[in-house]
Number of protein chains: 2
Amino acid sequence: MIETGKVLIVNVKGGTIMSESKSCILRLCRYRRTLKDLKELGYVKIFSDNLGEATGVTATQVRKDFSLFGISGNKKGGYLIDNLIEKINYILGKDEIQKVILVGAGNLGSALTRYKGFEKEDINIVAAFDADPAKNVKVNNIQVHPIKDVFDYVRNHKVRVAVLAVPSMVAQEVSEILISAGIRGILNFAPVTLKVPERIIVNNVNLAIELENVIYYVNARERNEKQNKTNPVQS
Amino acid sequence: MIETGKVLIVNVKGGTIMSESKSCILRLCRYRRTLKDLKELGYVKIFSDNLGEATGVTATQVRKDFSLFGISGNKKGGYLIDNLIEKINYILGKDEIQKVILVGAGNLGSALTRYKGFEKEDINIVAAFDADPAKNVKVNNIQVHPIKDVFDYVRNHKVRVAVLAVPSMVAQEVSEILISAGIRGILNFAPVTLKVPERIIVNNVNLAIELENVIYYVNARERNEKQNKTNPVQS
DNA sequence: TAGATTGTTAATCGATTAACAATC
DNA sequence: TAGATTGTTAATCGATTAACAATC
């Protein structure tokens with residue numbers, strides 16, 4: 001595997017080496033989401049502009065993404081939803097491991113064990129871990145083990161992906177234990193920049209920053225409206 | 001205000017019109033996070049490369065971002081942490097409204113009312129709303145009101161920002177009520193693409209997609225390693 | 001056929017990075 | 001001064017969009 005900054009060059013379309021971006025993969029996930037919903041509603045075919053509108057991207061972008069992964073439709077006939085879902089599943093590795101552990105069963109962590117959105121996408125949280133013995137109970141049918149057992153669990157069950165929802169103070173330390181046990185990818189909710197080896201995938205979800213971002217744009221627009229009122233600019 | 005696709009052109013540096021990207025704003029939030037931590041640890045000055053390393057961006061990027069917003073340091077002397085925090089606060093509109101409501105006090109929503117990360121950034125969830133009467137209680141000192149009261153509440157308290165954690169089925173409908181009442185920005189946890197007027201800011205957090213993303217990259221790397229073992233490529 | 005849609009190439013656009021002059 | 005660091009300009013890089021040929 002050749003890796004450069006953000007782009008991962010992987011082998012997909014029958015041996016051809018190609019590169020895809022993180023945002024492209026995110027869009028594939030979104031397409032699948034929408035396609036599954038449409039399938040449930042009884043739809044069979046879809047055009048690139050329908051799918052684009054439903055997912056908030058342009059029709060060209062949709063076709064470009066599909067073309068990048070060798071997904072083809074029928075000129076004039078659009079795409080078969082079943083076929084799209086199948087192809088995207090293959091690309092995203094849906095048939096392969098989906099086992100995920102949760103580390104940190106506090107406020108946010110325990111909500112994640114009950115989160116319906118994971119089940120809906122067939123993501124299984126197989127076990128949870130927490131340092132607090134009071135939390136070592138079953139939550140939504142998932143056993144919360146003592147944190148000291150996490151290393152052996154990851155080793156023995158060959159878990160590759162972890163959701164990290166521990167306090168910031170211990171996030172780095174815990175991530176190192178996880179990685180040493182064999183974890184390859186982390187969804188990190190702690191608002192810290194984890195220092196990890198290059199081969200490890202980290203996806204950060206920082207809820208405060210996401211919200212601050214909304215607040216910023218709302219404020220920026222209001223400031224601007226106020227200013228335009230007193231000092232209008234001619235277009 | 002001039003708006004084009006993703007870029008918002010706003011008036012910041014003493015009347016100069018300039019544009020900044022969403023990712024740039026996200027980085028500013030991260031810088032502030034880190035700077036606050038460093039301040040607590042007693043640091044007073046910082047260089048662009050320190051800050052870059054702590055937040056996972058290059059030193060050039062840090063300086064470029066600062067330059068874009070008219071934040072200047074001292075050649076050779078780096079930046080004063082207090083000054084940076086103050087300037088970033090001003091840019092991100094920290095002194096202005098921070099009032100946020102939460103709509104949907106289910107599994108994820110009620111976890112968000114207790115989320116320490118918001119408090120730490122001085123974000124106040126002032127009220128919550130839920131359709132289920134059983135949930136109309138106080139959670140972490142925040143009253144959960146009946147959903148039917150949300151319109152009047154937003155109107156009367158001039159709330160501008162909402163966190164939306166309702167089931168996907170009703171997300172669009174609820175967002176329309178919020179917008180009609182005066183909400184300008186939404187942090188949306190429902191895995192649907194909200195259709196909103198252009199003047200409304202929506203930030204989507206889709207936890208399943210974030211996790212699927214990690215799973216994809218882990219799988220892609222493992223597939224690749226396997227292949228390289230049987231069919232090594234010369235560099 | 002005419003019209004509509006895919007698939008791809010080329011153009012554009014924006015964000016990041018490299019290079020380096022300024023200067024403390 | 002010499003060395004280090006900022007601030008900015010130019011170059012690069014990648015992602016998105018526009019244009020359009022292919023074709024059903």
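Not measured: the values here are computed from a predicted model. All values below were derived from every heavy atom in this structure, side-chain atoms included, with hydrogens, water molecules and symmetry-related copies excluded. Each chain gets a letter, A, B and so on, in the order the sequences are listed, and its residues count up from 1.
- Looking at A:Arg30 and A:Thr55, their side chains never bring a donor and an acceptor atom within 3.5 Å of each other.
- Base pairing of C:dC20: its partner is D:dG7, meeting the Watson-Crick or G-U wobble criterion (both donor-acceptor distances under 3.5 Å).
- If you measure from atom CG of A:Leu68 to atom C1' of C:dT6, you get 16 Å, rounded to the nearest angstrom.
- Of the N and O atoms on the side chains of A:Tyr31 and A:Asp65, at least one donor lies less than 3.5 Å from an acceptor on the other residue.
- Phosphate contact (OP1/OP2 of C:dG14, side-chain N/O of B:Ser21, threshold under 4.0 Å): absent.
- Look at CG on B:Leu80: it is 14 Å from C1' on C:dC24, rounded to the nearest Å.
- Taking only side-chain atoms of A:Ser23, from C-beta outward, the nucleotide of D:dT16, C:dT6, D:dG7 with the closest atom is D:dT16.
- Below the 3.5 angstrom threshold, one finds no donor paired with an acceptor across the side chain of A:Lys75 and the base of C:dT5.
- Atom OH of A:Tyr79 and atom P of C:dT5 are 12 Å apart (whole Å).
- The side chain of A:Arg63 contributes an N or O atom lying less than 4.0 Å from OP1 or OP2 of C:dT6.
- Each of A:Asn74 and A:Gln61 was matched to the nucleotide of DNA chain D holding its nearest heavy atom; the match closer to the 5' end belongs to A:Gln61.
- Within the 4.0 angstrom heavy-atom criterion, no nucleotide atom of any strand lies near A:Phe66.
- When the nearest nucleotides of DNA chain C are assigned to A:Lys76 and A:Ala59 by heavy-atom distance, the more 5′-ward of the two goes with A:Lys76.
- Protein atom CG of B:Asn50 is 8 Å distant from nucleotide atom P of D:dT5, rounded to whole Å.
- When rounded to the nearest whole Å, the span between NZ of A:Lys64 and P of D:dC20 equals 16 Å.
- Contact annotation: A:Ser48 side-chain N/O to C:dG7 OP1/OP2 distance is not under 4.0 Å.
- Under the 4.0 Å criterion applied to side-chain N and carboxylate O atoms, B:Lys195 and B:Glu176 are not assigned as salt-bridge partners.
- A donor and an acceptor atom, one from each side chain of B:Lys22 and B:Asn203, are located under 3.5 Å apart.
- Nucleotide D:dT5 holds its P atom 12 Å from the CD1 atom of B:Ile46, rounded to whole Å.
- To the nearest angstrom, P of D:dG7 lies 13 Å from CG of B:Asp65.
- Within the 3.5 Å criterion, the main-chain N or O of A:Val126 finds no donor-acceptor partner in the side chain of A:Asn124.
- For the residue pair B:Asn50 and B:Tyr43, no side-chain donor N or O sits within less than 3.5 Å of a side-chain acceptor on the partner.
- For B:Thr60, the side-chain atoms get nearest to C:dA19 when compared with the rest of C:dA19, C:dT5, D:dT5.
- The shortest distance between the side-chain N/O atoms of A:Arg27 and the OP1/OP2 oxygens of D:dT16 is below 4.0 Å.
- Rounded to whole Å, the distance from CG on A:Leu26 to C1' on D:dA15 is 14 Å.
- The partner of D:dC13, taking Watson-Crick or G-U wobble pairs whose two distances both stay under 3.5 Å, is C:dG14.
- Nucleic acid contact class of B:Gly73 (heavy atoms, under 4.0 Å, all strands): sugar-phosphate only.
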